Chemist: 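Structure incoming, see below.
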Amino acid sequence: PLVEHQTHMSDMAGRRIVQLEETVINRIAAGEVVVRPANALKELIENSLDAKSQRINVTVKAGGLKMLRIEDDGHGIRAEDLPI
């Protein structure tokens, strides 16, 4: 399943975002962590609200089994918090 969370602003006030451990990333990629798409959707919407989003757009394919896309206008990840 594809899970996306996109933000349109680059500076998040106060809270820091930490990269997941490699084992957790691999489990998510293998579909082992997201048991119910509704749980993932809830978490992503909470992230959007925490980022002070005024607009949240949700796109779902196949009931969330193929894709969940969350787009918002909240504050994003600071470059120093998660280098690429």
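Keep in mind that this is a model prediction, so the values were computed, not measured.
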Chemist: Nearest 0.5 angstrom please: Leu41 CG to Arg69 CZ, how far?
Modeler: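 Between atom CG of Leu41 and atom CZ of Arg69 there are 13.5 Å.
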Chemist: To the nearest 0.5 Å, what is the distance between CD (Glu43) and CG (Asp50)?
Modeler: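 Nearest 0.5 Å value for the CD-CG distance: 9.5 Å.
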Chemist: Heavy atoms only: give me the nearest Asp73-Arg55 pair and the separation to one decimal.
Modeler: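 Nearest pair, atom of Asp73 first, then Arg55: OD1-N, 2.9 Å.
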Chemist: Enter the distance from Lys61:NZ to Met67:CE here, rounded to the nearest 0.5 Å.
Modeler: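 The NZ atom of Lys61 sits 4.0 Å away from the CE atom of Met67.
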Chemist: For Leu68 and Pro37, work out which heavy atoms get closest and say how close.
Modeler: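 Distance-wise, the nearest heavy atoms are CD1-O, 3.6 Å.
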Chemist: Can you find a pair of side-chain heavy atoms, one from Val58 and one from Leu44, that are under 4.5 Å apart?
Modeler: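 Counting from C-beta outward, Val58 and Leu44 never come under 4.5 Å.
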Chemist: Is any side-chain heavy atom of Ile45 less than 4.5 Å from a side-chain heavy atom of Asp72?
Modeler: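 The answer is no, as the side chains (C-beta and beyond) never meet within the 4.5 Å cut-off.
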Chemist: For atom CD of Glu21, decide whether the heavy atoms of other residues, nucleotides or ligands shown that lie under 6.0 angstrom number more than 12.
Modeler: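 No, CD of Glu21 has 12 or fewer neighbouring heavy atoms, counting only those of other groups under 6.0 Å.
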